[in-house]
Chemist: 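Quick one: the structure is below, questions incoming.
A, B, ... follow the sequence lines: proteins, then strands. Residue 1 opens every chain.
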There are 2 protein chains.
Amino acid sequence: MNKAALTRQAILRKSFEIIYRKGYQSTSIDEIIATMQVTKGAFFYHFKNKEEMGLSLIKEVMLPNMHAIFIEPLTATADPLSVIYEMINGLLSDIIFFDVRYGCPAMNLVEEMAPISESFCEQLNFLVKEWQIAIENCLEEGKKTGVVNLDTHVKQVALFITSGYAGIRNAGKIFGIEAYTCYLKELKRYLDQLR
Amino acid sequence: MNKAALTRQAILRKSFEIIYRKGYQSTSIDEIIATMQVTKGAFFYHFKNKEEMGLSLIKEVMLPNMHAIFIEPLTATADPLSVIYEMINGLLSDIIFFDVRYGCPAMNLVEEMAPISESFCEQLNFLVKEWQIAIENCLEEGKKTGVVNLDTHVKQVALFITSGYAGIRNAGKIFGIEAYTCYLKELKRYLDQLR
DNA sequence: TTCATAAGATACCAGTTAGTATGTTTGTGC
DNA sequence: GCACAAACATACTAACTGGTATCTTATGAA
């Protein structure tokens with residue numbers, strides 16, 4: 001990768017870090033470039049404005065990362081319901097990419113930007129839908145092998161699970177990690193009941 | 001109520017309206033006062049700064065309102081699980097206080113402010129906890145009358161439900177009301193399984 | 001060496017932000 | 001009708017916002 005591409009990626013990574021903690025709108029370009037060895041000229045050389053940077057951030061940083069963390073675990077060959085539980089459990093246990101105080105970067109962006117930006121809404125819709133479809137496929141597979149009850153509505157369940165995840169990330173912000181462990185117990189009960 | 005108190009309340013109501021649509025940090029005092037016949041002097045006469053206004057907004061507008069919309073329905077005398085379902089159904093069907101694009105005012109504030117303000121976090125913790133406890137009591141009552149399965153962990157379930165609600169409000173922002181109806185079906189299934 | 005372009009630095013602008021300083025009106029007890 | 005404080009109104013500031021215009025340096029082909 002050449003120097004220009006490295007600079008661009010560095011800006012995106014740093015932006016992601018700060019936006020995760022402060023939100024998109026409250027993160028200023030000045031703050032982003034101040035915390036790294038990059039100037040405003042460089043920033044606007046790589047992105048025509050703040051919005052283009054934000055959208056690039058979703059496409060080039062979040063989508064690949066989320067794919068690895070959210071969808072990859074679902075390709076495991078074990079019992080689908082355990083696989084789904086372990087994916088959520090893994091997400092909530094991850095303290096490298098996530099912080100209980102700041103919730104989930106993707107869901108935070110949905111909350112903040114979906115209502116006020118069509119472009120953000122589209123990108124985030126795509127991101128979350130991809131996750132849901134992966135869960136649906138996982139459940140469908142479980143139906144075939146007889147692990148998942150045949151009258152399970154996979155779309156409904158997938159939405160129920162992803163919504164629950166978004167919600168517990170929200171609750172974690174006010175209740176701390178105890179909320180996570182409490183939630184996981186009930187999630188397990190819920191998933192078992194789909195057998 | 002005297003004129004001063006009316007002015008104060010008018011500021012809080014208008015602030016609530018705008019903050020619901022734009023978020024707390026992105027709502028400027030200038031915008032609040034510009035959309036009503038009040039000046040900056042009046043604003044800072046009633047509130048020492050923006051934060052005090054925000055906290056007053058939670059205490060004096062949201063807490064009473066939420067109490068009426070979130071907790072009141074739970075005091076119905078019907079089957080507790082139906083009561084809980086109808087409360088969530090009522091919340092998601094309400095298009096007077098809520099808009100699918102903007103989600104839930106309370107959960108939005110949690111998402112935005114809990115991570116960056118201890119004071120907001122405390123207030124919102126209190127608000128959500130009150131709701132959860134009302135659900136717990138409702139379930140406990142159901143246990144007594146034999147409607148709710150005795151090995152149900154009421155705390156777990158209450159957290160699971162409130163989280164799900166917060167999450168579906170989030171999902172609604174990107175998927176629209178179809179997400180609500182889809183979610184409600186699975187919620188019903190989930191609640192029935194607690195019998 | 002020349003020179004064109006990519007990549008980045010510096011300084012600045014116009015608009016917006018929360019907050020303040022200082023004024024004016026309005027109500028209320030006496 | 002006077003005193004005085006509560007309840008506002010007006011005008012301002014200092015800091016910050018996204019974005020631009022202009023300058024400088026590195027790179028690589030001819």
Chemist: Would you mind classifying the nucleic acid contact of A:Ser28 as base, sugar-phosphate or nothing, using non-hydrogen atoms under 4.0 angstrom?
Modeler: sugar-phosphate
Chemist: Any luck finding a side-chain donor-acceptor pair between A:Glu130 and A:His67 under 3.5 Å?
Modeler: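 On atom types as modelled, these side chains qualify, holding a pair under 3.5 Å.
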Chemist: Check each of A:Asp79, A:Thr152, A:Asn149 against A:Arg195 using the side chain to side chain donor-acceptor pair (under 3.5 Å) test, and report the only one that passes.
Modeler: A:Asp79
Chemist: Nearest whole Å is fine: how far is C:dA7 C1' from A:Phe47 CZ?
Modeler: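 So the two atoms are 14 Å apart, to the nearest Å.
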Chemist: Let me know the distance between CG of B:Asn49 and P of C:dT17, rounded to the nearest Å.
Modeler: 17 Å
Chemist: Closest approach to the side chain of A:Tyr45, judged atom by atom: which nucleotide of D:dA9, C:dA7, D:dA11 is it?
Modeler: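 Minimum distance to the A:Tyr45 side chain belongs to C:dA7.
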Chemist: For B:Met36 and D:dC8, what is the distance between atoms CE and P respectively, to the nearest whole Å?
Modeler: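 Spelled out: CE on B:Met36 to P on D:dC8 is 10 Å.
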Chemist: Which nucleotide in the set C:dG19, C:dG8, D:dA9 lies at the smallest distance from any side-chain heavy atom of B:Ala42?
Modeler: D:dA9
Chemist: Check every atom of C:dG19, D:dT20, C:dG8 against the side chain of A:Phe44 and return the nucleotide holding the closest atom.
Modeler: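 The nucleotide sitting nearest to the side chain is D:dT20.
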Chemist: Would the base of D:dG19 count as contacting A:Lys40 through its side chain, where contact means a donor and an acceptor less than 3.5 Å apart?
Modeler: yes
Chemist: So, OP1 or OP2 of D:dC8: does either fall under 4.0 Å of a side-chain N or O from B:Thr7?
Modeler: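 The answer is yes; a side-chain N or O of B:Thr7 sits under 4.0 Å from OP1 or OP2.
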Chemist: If you find the nucleotide of DNA chain D closest to A:Asp30 and the one closest to A:Lys48, which residue's nucleotide is nearer the 5' end?
Modeler: A:Asp30
Chemist: For the backbone of B:Pro115 and the side chain of A:Lys173, can you confirm whether one donor and one acceptor N or O come within less than 3.5 Å of each other?
Modeler: no
Chemist: Rounded to the Å, how far apart are B:Ile29 CD1 and C:dG19 P?
Modeler: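 It works out to 5 Å between those atoms.
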Chemist: Taking atom C1' of C:dG8 as reference, at what distance in whole Å does atom CZ of A:Arg8 sit?
Modeler: 16 Å
Chemist: Mind running ring-ring contact (aromatic ring centres under 6.0 Å, His included) on A:Phe98 and A:Tyr180 for me, showing each step along the way?
Modeler: CA-CA 13 Å; A:Phe98 299 95; A:Tyr180 284 1; 9.3 Å; no
Chemist: Please state how far atom CD1 in A:Ile33 lies from atom P in C:dA9, giving the value in whole angstrom units.
Modeler: 9 Å
Chemist: Starting at atom CG of A:Leu6, determine the distance to atom C1' of C:dA6, rounded to an integer number of angstrom.
Modeler: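 Taking CG of A:Leu6 and C1' of C:dA6, I get 15 Å after rounding.
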Chemist: Does B:Lys50 count as lying over the ring of B:Tyr24, i.e. NZ or CZ under 6.0 Å from the six-ring centre, within 45 degrees of the axis?
Modeler: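 Geometry flag: set, cation within 6.0 Å and 45°.
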Chemist: Using a 4.0 Å heavy-atom cut-off across all strands, classify B:Ser26 as base, sugar-phosphate, or nothing.
Modeler: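 No contact at all - B:Ser26 keeps every heavy atom at 4.0 Å or more from the nucleic acid.
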Chemist: Kindly point out which of C:dT10, D:dG19, D:dA11 is positioned nearest to the side chain of A:Thr39?
Modeler: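 It is C:dT10.
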Chemist: Once you round it to whole Å, what is the distance between P of D:dG18 and NE2 of A:His46?
Modeler: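 Between P of D:dG18 and NE2 of A:His46: 18 Å.
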